[in-house]
**Student:** 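Pasting in a structure now, in structure tokens, and then I'll have a few things to ask.
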Protein chains: 2
Amino acid sequence: MLVKTETQPGYFGHQAASHQDVPPVCDFAFPGAIERMGFTNSYPLDTEIYGEEEPAQYLYKVVSGAVRTYKILENGRRQIAAFYVPGDVFGLETRDEHALSAEAISQSKLILVKRRDLIALASHDNAVARLLWTLTAAELRRTQDHTLLFAMSADQRVAGFLLEMAERLLTDDEVKLPMARRDIADYLGLTIETVSRSLTHLENSAAIKIPTSRRIQFRDYAALGRLSA
Amino acid sequence: MLVKTETQPGYFGHQAASHQDVPPVCDFAFPGAIERMGFTNSYPLDTEIYGEEEPAQYLYKVVSGAVRTYKILENGRRQIAAFYVPGDVFGLETRDEHALSAEAISQSKLILVKRRDLIALASHDNAVARLLWTLTAAELRRTQDHTLLFAMSADQRVAGFLLEMAERLLTDDEVKLPMARRDIADYLGLTIETVSRSLTHLENSAAIKIPTSRRIQFRDYAALGRLSA
DNA sequence: CGACCATTTGATATGGATCAAGCGATGTGG
DNA sequence: CCACATCGCTTGATCCATATCAAATGGTCG
């Protein structure tokens, strides 16, 4: 549960099908009709998508690549709030200005939809209004789960992080991490050294295997789950 | 910004007045018409309002007293997610089950509104739909700010916490804390001893004065702000 | 092949946890 | 009204997980 995230609409069961009459362009979380209101844009590695306190003009959906949102604290530390991978939606701000900055972690292709248009649409299309709510709610859930990680030890945080990534990126019992150790460290509130050591612990305890630093093979979910608990 | 929270509707300026035609029973965050759909209930000190994984039946607004939401981790630690004081709304869950438990921190009076009724209303009243979204968004913002605290030192977390409380509870340069040290510790991811020591540091540095353990007088906001930064 | 940068590994330092005592308010019974 | 128990908080002493500092390794790209 802790590492469960949910990007799909449909928390309210009977309402989930509200967009199914429109053939979806993408597999989930936001429907074709809305995507077609937007356009595609590409971002090279480590480029800014938007900055903190910039006006929030767009809602973004990841087509390919990956994105981090973060904030630089006055003490110089960077806290990463979330990672977004293909299918995820981000940038749906609640005020007119972004609370966080966003950067492409790797060469990324995004769909951008004008926030103003969406809000206007939501004011007479109830399904759109519900979608905006649902997306915000999913983000809230994800952020709450993130908070819980901070009550745990370094090894537990890393295990929890891996399970979160596995849920979103697993293919053939392996995850190709889109982010560097520094990003993982800044997401978990640890140093890169500690992240590295924790990964080594997990490998030594036969929970995972690390053929290369970006590839994590899952050997023993139960062990990871026990740790992340 | 870090400790800024916002319970009032109206992120979108021109939309904020959508409920003003109904005379509000309470001062802010959710309008009289909706409150009248609900009823009042009282909870003694330290009693459960709802438990994790219970069906989410109601939305709650604090009339008097105070509430904490939290989760008990498998390692036995309790992570407090948020505190709610008079005027605050909580319990607006995204799925059909609560993600967190809620308890009254002190003798509390709450207004309860049936979640199902609200969602039904939202499906044809656009202003209600926007309100639900706005409330969820405010909660997201609050949770994001909470996450940032974990990137800081103990003294900084405590200073940040005090500023957050000041924003919501300040009268005459003094805050009457509704919660015990243990609650503060579990909110900040520290021990009660460390919270106590940090408060002493802040008092020694003349930023605050602590006439009794529940009363905090603010002497030097700049110093607190500098710390919490 | 060689330079560069990310990652891992090693040695040491430290902030906050833990363990343990003291203190101060509140309440109870004599 | 005062001993005395209780409970929450503060203060003190020590320990430990993780940070920090430093070096070695390895993968990538010219």
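Residue numbers begin at 1 in each chain, while the letters A, B, ... track the order of the sequences.
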**Student:** Please work out whether the ring planes of A/His98 and A/Tyr60 are parallel, tilted or perpendicular, with thresholds of 30° and 60°.
**Tutor:** tilted

**Student:** If you measure from the Lys or Arg side-chain nitrogens to the Asp or Glu carboxylate oxygens, is any gap between A/Lys71 and A/Glu53 under 4.0 Å?
**Tutor:** no

**Student:** Who pairs with A/Arg219 by salt bridge (Lys or Arg N to Asp or Glu O under 4.0 Å), at least two apart in sequence or on another chain?
**Tutor:** none

**Student:** Between protein and nucleotides 7-18 of chain C, map the contacts as a letter string: B base, S sugar-phosphate only, - none, heavy atoms under 4.0 Å, written 5' to 3'.
**Tutor:** SBBBB----SSB

**Student:** What residues form a side-chain hydrogen bond (donor to acceptor under 3.5 Å, both in side chains) with B/Ser101, not counting sequence neighbours?
**Tutor:** none

**Student:** Can you confirm whether the side chains of B/Glu97 and B/Tyr50 place a donor and an acceptor under 3.5 Å from each other?
**Tutor:** no

**Student:** Considering only residues two or more places apart or on different chains, which pairs with a residue in residues 192-214 of chain B satisfy salt bridge (charged side-chain N to carboxylate O under 4.0 Å, His left out)?
**Tutor:** none

**Student:** Only counting residues at least two apart or in another chain, list the ones meeting ring pair (Phe, Tyr, Trp, His ring centres under 6.0 Å) with A/Tyr43.
**Tutor:** none

**Student:** Check whether any side-chain heavy atom of A/Val175 sits under 4.5 Å from a side-chain heavy atom of A/Leu162, and report yes or no.
**Tutor:** no

**Student:** Return a single string for nucleotides 22-27 of chain C, one symbol per nucleotide in 5' to 3' order, where B is base contact, S is sugar-phosphate-only contact and - is none, cutoff 4.0 angstrom on heavy atoms.
**Tutor:** ------

**Student:** Apply side-chain hydrogen bond (donor to acceptor under 3.5 Å, both in side chains) to B/Glu54 and list each qualifying residue two or more places apart in sequence or on a separate chain.
**Tutor:** none

**Student:** Excluding sequence neighbours, so at least two apart, what forms side-chain hydrogen bond (donor to acceptor under 3.5 Å, both in side chains) with A/Glu103?
**Tutor:** A/Arg68, A/Tyr70

**Student:** Five pairs at each end of the helix from C/dC1-D/dG30 to C/dG30-D/dC1: take the axis at both ends and give me the angle between them to 10°.
**Tutor:** 30°

**Student:** Going by the salt bridge (charged side-chain N to carboxylate O under 4.0 Å, His left out) test, which pairs reach into residues 75-87 of chain A, not counting sequence neighbours?
**Tutor:** A/Arg78-A/Asp183, A/Arg78-A/Asp186

**Student:** Extract, from 5' to 3' on DNA chain D, the first and final nucleotides lying under 4.0 angstrom from some heavy atom of chain A.
**Tutor:** D/dT18 to D/dC21

**Student:** Kindly write out the residues that satisfy side-chain hydrogen bond (donor to acceptor under 3.5 Å, both in side chains) with B/Lys114, not counting sequence neighbours, or none if the list is empty.
**Tutor:** B/Tyr58

